[in-house]
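Below: the structure, in structure tokens.
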Amino acid sequence: MSRVPGWLGRLGAGLTEMSERWNERRAEAERERDEPESRTSSDEHVPPPPDYAPDVPSRPDPALAVPWGVRVAAEAGWRLLVLAGTLWVLTRIISAVQLVVLAFVSALLITAILQPTVARLRRLGVPRGPATALTAILGFVVMGLIGWFVTWQVMENIDDLSGQIQDGIDELRNWLLNSPFHVTDKQINEIAKNLREAVGANTDQITSAGLEGVTVVVEALTGILLAVFSTLFLLYDGKRIWEWTLKLVPAAARPGVAGAGPAAWRTLTAYVRGTVIVALIDAIFIGLGIYFLDVPMAVPLAVFIFLFAFIPLVGAVVSGALAVVVALVTQGVFTAVMTLVVVLAVQQIEGHVLQPFILGRAVRVHPLAVVLSVACGGVVAGIGGAVVAVPLVAVTNTVAGYLRAYSRQSALRHSVRPRGATAMGPAEQPGPSEAPPE
């Protein structure tokens with residue numbers, strides 16, 4: 001009996017000690033669960049550097065560390081990339097609908113020629129519908145007669161021209177045989193043989209080109225019909241079309257665009273009228289010159305000179321070279337030289353007297369801009385692109401100048417606005433001084 005209480009006492013003491021250890025472990029686990037951040041920060045604590053370590057300055061903002069010139073170049077660079085991408089997309093879209101774009105631009109050019117006649121008939125009291133129909137019929141009949149006349153003259157003189165070309169080739173051959181270049185008859189025959197073989201070897205390509213020519217004719221007819229219908233609607237309803245187009249412009253920019261539109265139309269009208277007058281003068285005087293020099297097909301060549309005059313710089317060179325080549329082949333070297341003198345004289349008078357006097361300062365474009373625009377238009381859309389490139393540049397120049405002036409005037413009006421004024425009234429807002437064609 002005396003051992004039992006001692007044993008029970010030791011058992012109770014052991015249980016008590018185990019309970020205390022269990023409570024300590026549970027409390028330690030709760031502390032670890034409630035304070036993980038403090039424990040982590042204590043584990044990752046970095047000892048301070050020694051006293052002899054050098055001081056490291058704080059790093060600046062990376063944007064501030066970039067030089068100012070580089071930042072400006074970067075800002076300009078990404079904006080230029082956006083503009084280049086936009087122009088590329090527009091070019092692809094225009095290339096995809098090239099026929100429609102060229103037809104509409106041609107309609108604008110024709111409208112710029114015919115619209116003054118419609119306006120004159122309206123002032124005489126003729127209703128809009130008959131005035132539009134009469135002007136359009138008269139204009140297209142004149143254009144058709146010009147095309148028919150050129151075709152008729154070419155077909156009438158093609159036989160004589162072929163004989164004269166053959167005589168010219170014989171004269172050229174005799175000149176080469178007697179020239180100091182020591183060209184022999186065998187070499188000339190070899191060249192002719194090579195040309196015949198080249199034509200025979202490329203018969204398939206010539207045939208395919210003829211089939212493509214049929215496609216070109218169909219596309220040309222489609223473009224002509226689109227241009228005719230577009231011209232009719234522009235002559236009849238041009239003002240409403242322009243007013244509807246203004247609704248697509250944001251309201252804040254609408255007053256400036258409303259004034260830039262008539263200015264652009266005046267520039268386009270002045271360019272087309274001036275170009276027609278200058279081309280007509282070139283065709284008349286060069287045609288008279290080659291007619292008195294007995295160059296065959298003087299009238300068709302004059303018409304070609306008139307048409308090619310709508311392509312600035314390049315058209316004059318091509319049409320003049322064509323006249324000189326025809327004179328050289330048919331009439332000889334002296335006539336060709338005299339034809340070249342006539343062409344150069346007329347073109348010099350045109351470039352230094354007629355164009356500045358007739359076109360004026362409103363549509364003056366720098367020669368470098370003319371060359372670059374004609375080249376770009378020819379690359380993008382061929383002959384049609386070369387024709388519309390310069391008027392497009394002239395119109396763009398006018399619009400940009402007008403918008404700059406409008407922006408300066410708007411800023412000046414806002415800076416001198418009386419105290420208490422909130423906005424310009426309808427009477428103070430600038431509007432178009434001249435509406436587009438009615």
>> Please enumerate all residues that pass side-chain contact (heavy atoms from CB on, under 4.5 Å) together with Leu307, with sequence neighbours excluded.
In response: Val303
>> Arg123: which residues meet the salt bridge (charged side-chain N to carboxylate O under 4.0 Å, His left out) condition with it, sequence neighbours left out?
In response: none
> For Arg92, what residues pass the side-chain contact (heavy atoms from CB on, under 4.5 Å) criterion, not counting sequence neighbours?
Replying inline: Trp88
> Listed by chain and number, what are the side chain to side chain donor-acceptor pair (under 3.5 Å) partners of Trp78, not counting sequence neighbours?
Replying inline: Glu75
>> The criterion is side-chain contact (heavy atoms from CB on, under 4.5 Å); which residues satisfy it with Ser319, sequence neighbours excluded?
In response: Ile305, Phe308
>> Once rounded to the nearest 0.5 Å, what's the spacing between atom OH of Tyr402 and atom CD of Gln409?
In response: 7.5 Å
>> If I take atom CZ from residue Arg240 and atom OG1 from residue Thr245, how far apart are they, to the nearest 0.5 angstrom?
In response: 14.0 Å
>> If you define the side chain from C-beta out and look only at heavy atoms, does anything of Leu280 sit under 4.5 Å from Phe306?
In response: yes
> If you measure from OG1 on Thr231 to CG on Leu226, what distance do you get to the nearest 0.5 Å?
Replying inline: 10.5 Å
> Would the number of heavy atoms belonging to other residues, nucleotides or ligands and lying under 6.0 Å from CZ of Phe285 be above 12?
Replying inline: no
>> With rounding to the nearest 0.5 angstrom, report the CG to OH distance, Leu392 to Tyr271.
In response: 10.5 Å
Kindly list each side-chain donor-acceptor pair under 3.5 angstrom involving residues 334-345, sequence neighbours excluded, with atom names and distances?
unit_1 : atom_1 : unit_2 : atom_2 : d
Thr339 : OG1    : Thr335 : O      : 2.8

